[in-house]
Structures are given as C-alpha cells and as structure tokens.
Amino acid sequence: MKTIKIITDSTVGLTRDFVERYDIGIVPLSYTFEGKNYIEGVTQTSEEYYARLAKSKSFPVTSQPPTGDFCEAYTKALKEYEEVLVITLSSKISGTYNSAVLAKEIVSKDNITVIDSMNAVKNIQYQIEDAIDMMKQGKSRREIEEHINSIKGNQKVALVVDDLEYLRRGGRISSFSSSLGNILKVKPIIGLEDGQLVLKEKLRGTKNAMDRLVQMPPEDTKRLSISHVTNPEMAKKLRLRLEQRLPSTRITIDELSPVIGSHIGIKAIGILY
C-alpha cells in the first residue's frame with residue numbers, strides 16, 4: 001500500500017493538475033445563493049458565480065462540509081493508503097476543521113492526522129507542498145505535522161477589499177460604515193492573525209493600498225500568491241512590482257474560490273506569503 005494520502009478542502013483552490021499529480025483528496029464546501037445550493041468547484045464555475053454575484057443583491061450563505069463527506073474521503077483513502085494527513089481551512093473562520101476531526105473519531109483514531117492550518121487558500125497549498133517534499137524524503141506523518149505547526153506563524157495574509165458592501169452583507173461591518181467608507185474610498189487591508197480575520201490597516205485609495213502590499217513581504221520570502229477576485233489586470237501589475245522587489249521569490253497569480261471570495265467581494269486583491 002501507499003504511505004500517506006493528503007486531503008484538504010476546496011477553498012484552497014488547488015489546480016486540477018496539482019490534485020492529479022499528487023493524488024490530493026478534496027472535500028468541498030458548499031454555498032446557497034439566490035435560492036439554490038452549490039458545491040464549490042463542482043456544480044458551478046468561479047467565473048459563472050462571480051458574474052452573478054457582481055449583479056446580485058443577494059448574499060451567499062456558505063457551509064462547511066458535512067462530517068459524512070470527510071468519513072467517506074477517509075474510508076476511500078485508507079483502501080489505498082496506510083495513513084491520512086488532513087489540512088483544513090482555519091478553524092477560526094470555518095467549521096471545516098471540526099467536521100474533519102469528528103470524522104476522524106468515527107473512522108479511525110490511529111492513522112489519521114487532522115491539522116488546523118490556521119490559514120487560508122494558497123498558504124494551505126504551501127503547507128501541502130512542504131508535506132509532499134517531506135513525504136519524498138521518507139519523513140513520518142508526525143514529523144510532517146510538527147513541521148507544518150512550526151511554520152504557521154511565518155505565513156501572512158493581506159487582502160485589500162475594493163467594495164465594503166460585501167463586508168457589510170456578510171455582517172462584518174455596519175451599513176453606515178460601509179457607505180461612509182466607500183464615499184471616502186477607504187481600502188481596508190484584512191489579515192489573518194492566529195487564524196482569525198482581523199482588520200490590519202485602512203488606507204485611502206487603491207494606489208496607497210497597492211504600494212503597501214508591495215512593501216509588506218520581507219526580502220527572504222520564498223513563495224507568494226497574488227490572490228484576487230475577478231481582478232487579473234491589477235494582479236499582473238502587482239506581480240511586476242513584486243518581482244522587481246523580490247527577484248528570488250516564487251510568485252503566482254491565483255483567483256480566490258467562491259466561498260472565500262464571497263466575503264471580501266468583487267475586485268478584492270491581496271497577497272499570501
């Protein structure tokens with residue numbers, strides 16, 4: 001049998017090529033939008049979803065995967081693999097981790113490890129990439145778990161929200177604050193600290209926000225994702241500036257998944273590193 005199977009959730013936004021190359025298991029989250037239920041990455045493309053979100057007055061309701069979905073993924077994996085390593089979206093912003101842990105208690109307690117990434121999207125992919133490299137070196141599931149737990153604090157998130165209306169719809173700020181902020185062209189930078197969403201800074205105008213993003217990553221940054229919601233042109237411009245400042249950093253441009261993108265809104269853009 002093969003040794004370790006990696007399982008994660010759909011919000012990471014792994015490409016099909018990456019998933020197939022490393023045989024990654026994906027347990028999808030879901031969302032309800034305009035009266036219909038969707039499974040992320042399965043029943044609707046991101047392009048279709050964002051096109052409707054931009055025109056809609058409705059706000060989606062997102063849902064963690066049922067425990068049974070993780071049970072099914074574990075049972076299937078253990079037919080081919082000796083062990084399972086699960087890395088999920090931060091427990092501070094989703095119940096996905098709790099579903100994964102409960103499923104572990106149901107299926108098996110000994111050969112499944114569930115890790116709370118305390119992170120989101122591409123920062124979780126970076127944890128998965130490290131796990132794959134360590135598996136190639138013959139490292140144990142426990143050694144991989146210890147390594148991932150040790151790097152969580154070094155991973156950073158900074159997302160610039162273009163339209164405060166999406167934060168208002170999601171209950172993050174009041175209606176008055178969102179209206180006033182949009183009038184003043186305030187661009188909040190949202191981050192993750194100890195796995196929880198926090199307001200890091202508030203800047204006036206897009207230019208100031210982009211200037212701040214360029215200066216944030218330290219010079220020894222190894223991997224960086226420019227993550228956005230339907231904002232590819234701004235992402236390309238940001239990439240050119242970051243490549244000039246960080247020539248040794250691996251930089252990619254990635255679109256955020258519907259579940260994550262819903263809460264920060266159309267045209268949002270940021271960096272994860």
Could you tell me whether the side chains of Glu34 and Ser58 share a donor-acceptor contact shorter than 3.5 Å? no
Test item: Thr62 and Leu29 side chains (from C-beta on) under 4.5 Å apart, heavy atoms: no
Side chains of Lys152 and Ile115: does their closest heavy-atom pair fall under 4.5 Å? yes
What is the minimum heavy-atom distance between Phe33 and Leu53, and which atoms define it? CZ-CA, 3.8 Å
Quick one: does Ile226's side chain get under 4.5 Å of Thr252's, heavy atoms only? no
Quick check: do Tyr81 and Asp23 have side-chain heavy atoms less than 4.5 Å from each other? yes
From CD1 (Ile132) to CD1 (Ile144), nearest 0.5 Å: 9.5 Å
Can a donor-acceptor pair be found between the side chains of Thr230 and Glu255 at a distance below 3.5 Å? no
Working to the nearest 0.5 angstrom, can you tell me the gap between Lys2 NZ and Met135 CE? 10.0 Å
Using the side-chain hydrogen bond (donor to acceptor under 3.5 Å, both in side chains) rule, take Gln44 and Tyr31 through it: C-alpha gap first, then chi angles, then the decisive distance, then the call. CA-CA 11 Å; Gln44 188 180 45; Tyr31 55 93; 2.7 Å; yes
Who are the salt bridge (Lys or Arg N to Asp or Glu O under 4.0 Å) partners of Glu193, not counting sequence neighbours? Lys200
Can you confirm whether the side chains of Tyr273 and Asn123 place a donor and an acceptor under 3.5 Å from each other? no
Testing Ile253, Asp254, Ile264, Leu256 for side-chain contact (heavy atoms from CB on, under 4.5 Å) with His228, which one passes? Ile253
State, yes or no, whether a side-chain contact exists between Val86 and Thr113 at a heavy-atom distance under 4.5 Å. no
Heavy atoms of other groups near Lys92 NZ, more than 12 under 6.0 Å: yes
Are more than 12 heavy atoms, taken from residues, nucleotides or ligands other than Arg142, located less than 6.0 Å from that residue's CZ atom? no
Step-by-step side-chain hydrogen bond (donor to acceptor under 3.5 Å, both in side chains) determination, Ser99 to Gln64: CA-CA 8 Å; Ser99 290; Gln64 68 202 51; 3.1 Å; yes
Would you name the heavy atoms of Ile266 and Asp162 that are closest together and state the gap between them? O-CB, 3.8 Å
To the nearest 0.5 angstrom, please state how far the NZ atom of Lys187 sits from the CD1 atom of Ile269. 11.5 Å
Straight-line distance of Arg250 CZ to Arg223 CZ, nearest 0.5 Å: 6.0 Å
Looking only at heavy atoms, which two atoms of Ala131 and Leu85 are closest? And how far apart? CB-CD2, 4.0 Å
For a quick check under 3.5 Å, do Thr96 and Asp9 share a side-chain donor-acceptor pair by atom type? no
Can you give the donor-acceptor pairs under 3.5 Å from side chains of residues 241-248 to other protein atoms, not counting sequence neighbours?
from, atom 1, to, atom 2, distance (Å)
Arg241, NH1, Asp211, OD1, 3.0
Arg241, NH2, Asp211, OD1, 2.9
Glu243, OE2, Arg239, NE, 3.0
Arg245, NH1, Val214, O, 3.0
Arg245, NH1, Pro217, O, 2.8
Arg245, NH2, Pro217, O, 2.8

Is there a donor-acceptor contact under 3.5 Å linking the side chains of Tyr97 and Ser117? no
Heavy-atom count check: over 12 atoms from other residues, nucleotides or ligands less than 6.0 Å from Glu72 CD? no
Heavy atoms of Ser227 and Leu272 approach each other most closely as OG-CD1, 3.2 Å
Within 6.0 angstrom of Gln137 CD, more than 12 heavy atoms from elsewhere: yes
Could you tell me which non-hydrogen atom of Met134 sits nearest to which non-hydrogen atom of Glu143, and how far apart they are? CE-O, 3.6 Å
Is Thr88 close to Thr8 at the side-chain level, that is, under 4.5 Å between some pair of heavy atoms? no
Taking 4.0 angstrom as the limit, do Asp110 and Lys104 come out as a salt bridge? no
With a 4.0 Å cut-off on N to O distance, would you call Arg212 and Glu201 a salt bridge? yes
Could you verify whether a donor N or O on one side chain and an acceptor N or O on the other, from Asn111 and Glu83, lie under 3.5 Å apart? no
On a heavy-atom basis, which atom in Ser257 and which in Glu40 lie closest, and how many Å separate them? OG-OE2, 2.9 Å
